Undergrad: 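Before anything else, here's the structure in question.
Quick caveat: nothing in here was measured; it's all calculated off a predicted structure. Letters go in sequence order (proteins before strands), and every chain restarts at 1.
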There are 2 protein chains.
Amino acid sequence: MAVKKNKNIEFKCSLKDVLDIVGGKWSIPIIYTLFDGKKRFSELERTIPNINTRMLVKELKKLEENRIVKREAFATVPPTVEYSLNHKGMMLKPIIMDLHKWGEEFVDQ
Amino acid sequence: MAVKKNKNIEFKCSLKDVLDIVGGKWSIPIIYTLFDGKKRFSELERTIPNINTRMLVKELKKLEENRIVKREAFATVPPTVEYSLNHKGMMLKPIIMDLHKWGEEFVDQ
DNA sequence: CAGAATCCCTATCGATACTG
DNA sequence: CAGTATCGATAGGGATTCTG
């Protein structure tokens, strides 16, 4: 597997690549919110606690580049932009759910 | 962990807790390496590419505090310290493997 | 509404040298 | 061997303001 942004030698599996994509502070909250279905920019901003505009833009761009998220813009006034998960992103659902379950079961112990 | 008011909020809080534990740059590489079994400090340092002493110490301490990793020190000369995963850490194995699989399947596409 | 542009801060990370 | 201690770099993140 190719190593992308990370200048380091790849770890013995592609975990590092995965973490580059999904390891940021906001990527999983965004992806999780989109499990629910297509959302507009402002909806995401309202739904995800404590995120700010700049971070949301940045993360969405990154997720789009990694083809986890699909962006659809409509030339309305005012503009409408909708974000949704594509197949690659949807395939993260069971994993994130398992991570959540792990958290519920073990984090407090 | 956060108080459970509704499903949504509860999920987000514990997910954040999980990411606080496991979201760092080195935690998953370390945990992954320990799936293999008990390892000494220097073994970890040699096995994990590009990690440095300071980061390894820091992450191990954090993982120990979160009771994912068990540390056993032996009063030999020179000192021997062995690290291993406890139950909580081992329960991450299937999840991390799935993440790895997801990476192999989708990251390059 | 959906961002882009700025400014600034601090947490994280890395390299190196040292020690019981 | 298994760490500490220090210092310096930088990327990530946050608050705010502006605009098509």
Undergrad: Using a cut-off of less than 4.0 Å, is there contact between a side-chain N or O of A:Arg46 and OP1 or OP2 of C:dA2?
TA: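 For C:dA2, neither OP1 nor OP2 has a side-chain N or O of A:Arg46 closer than 4.0 Å.
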Undergrad: What's the spacing between B:Leu85 CG and B:Phe35 CZ if we round to 0.5 Å?
TA: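 Spacing of CG (B:Leu85) from CZ (B:Phe35) equals 6.0 Å.
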Undergrad: Can you find a pair of side-chain heavy atoms, one from A:Lys58 and one from A:Met55, that are under 4.5 Å apart?
TA: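 Sidechains of A:Met55 and A:Lys58: in contact.
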Undergrad: Please give, in whole Å, the distance from C:dT12 P to B:Ile51 CD1?
TA: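 In whole Å, C:dT12 P lies 15 Å from B:Ile51 CD1.
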Undergrad: Is the NZ or CZ atom of B:Lys88 positioned over A:Phe106's six-membered ring, under 6.0 angstrom from the centre and within 45° of the axis?
TA: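 The answer is no; the distance or angle limit is not met.
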Undergrad: A:Arg71 side chain: which of D:dG14, D:dG3, C:dA2 is closest?
TA: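 Among the listed nucleotides, the one closest to the side chain of A:Arg71 is C:dA2.
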Undergrad: Choosing from D:dG3, C:dG3, C:dC1, which nucleotide comes nearest the side chain of B:Val81?
TA: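 Closest nucleotide among those given: D:dG3.
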Undergrad: Go nucleotide by nucleotide along DNA chain D from the 5' end; which of B:Glu43 and B:Arg54 gets its closest nucleotide reached first?
TA: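 Of the two residues, B:Glu43 wins.
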Undergrad: Is any side-chain N or O of A:Lys61 closer than 4.0 Å to OP1 or OP2 of C:dA4?
TA: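 Yes, because at least one side-chain N or O of A:Lys61 sits under 4.0 Å from OP1 or OP2 of C:dA4.
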Undergrad: Atom CG of B:Asn50 and atom C1' of C:dA15: how far apart are they, to the nearest Å?
TA: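 Answer to the nearest Å: 13 Å.
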Undergrad: Measure CG/B:Leu60 against C1'/D:dC1 and give the value in whole Å, please.
TA: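 Atom CG in B:Leu60 sits about 14 Å away from atom C1' in D:dC1.
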Undergrad: So, OP1 or OP2 of D:dG3: does either fall under 4.0 Å of a side-chain N or O from B:Tyr83?
TA: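 For D:dG3, OP1 or OP2 has a side-chain N or O of B:Tyr83 closer than 4.0 Å.
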Undergrad: Could you tell me if the side chain of A:Glu43 sits less than 4.5 Å from the side chain of A:Tyr83, heavy atoms only?
TA: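 No, every pair of side-chain atoms sits at 4.5 Å or beyond.
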Undergrad: Can you identify which nucleotide, out of C:dC1, C:dA2, D:dT4, has its nearest atom closest to the B:Thr53 side chain?
TA: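 So the side chain of B:Thr53 is nearest to D:dT4.
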Undergrad: Would you indicate, yes or no, if D:dG14 has its OP1 or OP2 atom less than 4.0 angstrom from a side-chain nitrogen or oxygen of A:Lys58?
TA: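 Negative; the distance criterion is not met.
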Undergrad: In whole angstroms, how far is the C1' atom of D:dA9 from the CG atom of B:Asn52?
TA: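 To the nearest whole Å, that distance equals 13 Å.
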Undergrad: Within this structure, what is the CD1-CG distance for the pair A:Ile30 and A:Leu44, rounded to the nearest 0.5 Å?
TA: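 That separation rounds to 7.0 Å.
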Undergrad: With heavy atoms under 4.0 Å as the rule, sort A:Thr76 into base, sugar-phosphate or nothing.
TA: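 No contact.
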Undergrad: Taking atom C1' of D:dA15 as reference, at what distance in whole Å does atom CE of A:Met55 sit?
TA: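 Spelled out: CE on A:Met55 to C1' on D:dA15 is 11 Å.
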Undergrad: For the pair made of CG in A:Asp20 and C1' in C:dT12, what is the distance, rounded to whole Å?
TA: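 Distance check: A:Asp20 CG to C:dT12 C1' gives 15 Å.
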Undergrad: Check whether any side-chain nitrogen or oxygen of A:Ser42 sits under 4.0 Å from OP1 or OP2 of C:dA2, and answer yes or no.
TA: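 Yes, such a contact exists.
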Undergrad: Between B:Glu59 and A:Val57, name the one whose nearest nucleotide on DNA chain C is closer to the 5' end.
TA: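 Comparing both residues, the 5'-ward one is A:Val57.
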Undergrad: Look at the side chain of A:Pro79 and decide which nucleotide, out of C:dC1, D:dG3, D:dG13, has an atom nearest to it.
TA: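 It is C:dC1.
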Undergrad: From CD1 of A:Ile48 over to P of D:dG13, roughly how many Å is that when rounded to an integer?
TA: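 The answer, rounded to whole Å, is 13 Å.
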Undergrad: Write down the distance between CZ (A:Phe41) and C1' (D:dG20), rounded to a whole number of angstrom.
TA: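 Rounded to whole Å, this separation is 15 Å.
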